[in-house]
Amino acid sequence: MVRIIDASAELLLQRGYRRVTVEEVASHAGVSKSSVYLHWNTKDDIFYDALDRECAALVCEAVDRVRRNPAEILAHRMAANLLRIILDRPLLRALLMGDQAILGSLRHAKSSALRSRTAAIDELIHRYLSALQKNQLICPDIDLRITRKAVWEMLRGMIFSAGTEPLGKPRSAELAQVMTVTVRRAFEPRGVPGIDRITAAAAEVFEAFDELIPTAENLDFERPMVL
């Protein structure tokens, strides 16, 4: 199953939704067409699973960086990390940019899996920002809804400025640095926060993550057969 999703993601990027057939996905994955239809009814279903995996990977990788270093919980670091992850994943970038040349008629609203994933991520973001505010890691006088929207629009702006072509490390680092400086100056209090506040906020985020996006979830999931 992993090979089929991998193949669909590669072909989607290379050829775009309109030009890819189920036969091509099967051939690229090295399986029969009938094997594909054992698990998916349409090519849209395959592509939506590939996009869902991209969204899950974004969150899992960002949280994993915090597990390795709790200081990555800080807003300016998290924003820069999200940008780096997105820039390194072309299909995710296409999804967030709404790139119709790649996605064709694929739409977030048409997929229950993507809607469910987005709802979980939205709740995780809310709890993340609440944890930062509770532990005085972002300015208390700025509405969390404004903070969230502003950071998201900055991320989108950076993604659009990068375009669809692969970026070299210097350009990615430059964009991440702009993100870091902007978020830090706009939303974080001055001074270096204590490690106790950082670890407390990180613990709250881990709890929310494990509840909303279980760590046991395998991104290279097996899909049940279609009955």
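We number each residue from 1, following the sequence as shown.
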Listed pairs under 3.5 Å, donor-acceptor, residues 70-81 side chains, sequence neighbours left out:
from, atom 1, to, atom 2, distance (Å)
Glu72, OE1, Asn81, ND2, 2.7
Glu72, OE2, Asn69, ND2, 3.4
Glu72, OE2, Arg77, NH1, 3.1
His76, ND1, Glu188, OE1, 3.0
His76, ND1, Glu188, OE2, 2.9
Asn81, OD1, Arg65, NH1, 3.0
Asn81, OD1, Arg84, NH1, 2.9
Asn81, ND2, Arg77, O, 3.3

Is Arg184 atom CZ crowded by more than 12 heavy atoms from other residues, nucleotides or ligands, each under 6.0 Å away? no
Check side chain to side chain contact (heavy atoms under 4.5 Å, CB included) between Glu207 and all other residues, then give those that pass, not counting sequence neighbours. none
Below 4.5 Å, heavy atoms only, C-beta onward: do Ile125 and Trp152 meet side chain to side chain? no
Do Phe47 and Val20 have side chains that get closer than 4.5 Å, going by heavy atoms? yes
What donor-acceptor contacts under 3.5 angstrom involve side-chain atoms of residues 170-178, with partners at least two apart or in another chain?
from, atom 1, to, atom 2, distance (Å)
Arg171, NH1, Glu174, OE1, 3.1
Ser172, OG, Gly168, O, 3.4

Cationic tip of Lys43 above Tyr48 ring, under 6.0 Å, 45° of axis: no
If a pair satisfies salt bridge (charged side-chain N to carboxylate O under 4.0 Å, His left out) and one of its residues is in residues 123-144, list it, with sequence neighbours excluded. Arg127-Glu211, Lys134-Glu204, Asp143-Arg145
Per the salt bridge (charged side-chain N to carboxylate O under 4.0 Å, His left out) rule, what does the pair list look like for residues 11-20, sequence neighbours excluded? Arg15-Glu24
Test of understanding: with salt bridge (Lys or Arg N to Asp or Glu O under 4.0 Å), list the residues that count as partners of Glu23, not counting sequence neighbours. Lys33
Show the numbers, then the answer: is there a side-chain contact (heavy atoms from CB on, under 4.5 Å) between Tyr17 and Leu103? CA-CA 5 Å; Tyr17 168 84; Leu103 301 178; 5.7 Å; no
For Leu11, run the side-chain contact (heavy atoms from CB on, under 4.5 Å) check against Thr21, Val25, Ile46 and tell me which one passes. Val25
So if I apply the side-chain contact (heavy atoms from CB on, under 4.5 Å) rule between Arg117 and each of Leu212, Asp52, Leu51, Val59, which one comes out positive? Asp52
Test of understanding: clusters of I, L, V, M, F, W, Y form through side-chain heavy atoms closer than 4.5 Å, transitively. Do Val181 and Leu83 belong to the same one? no
Is the backbone of Ala131 close enough, under 3.5 Å, to the side chain of Asn135 for a donor and an acceptor to pair up by distance? yes
Where do Asp122 and Arg115 land on the salt bridge (charged side-chain N to carboxylate O under 4.0 Å, His left out) test, with the steps shown first? CA-CA 10 Å; Asp122 284 347; Arg115 292 198 305 272; over 6 Å; no
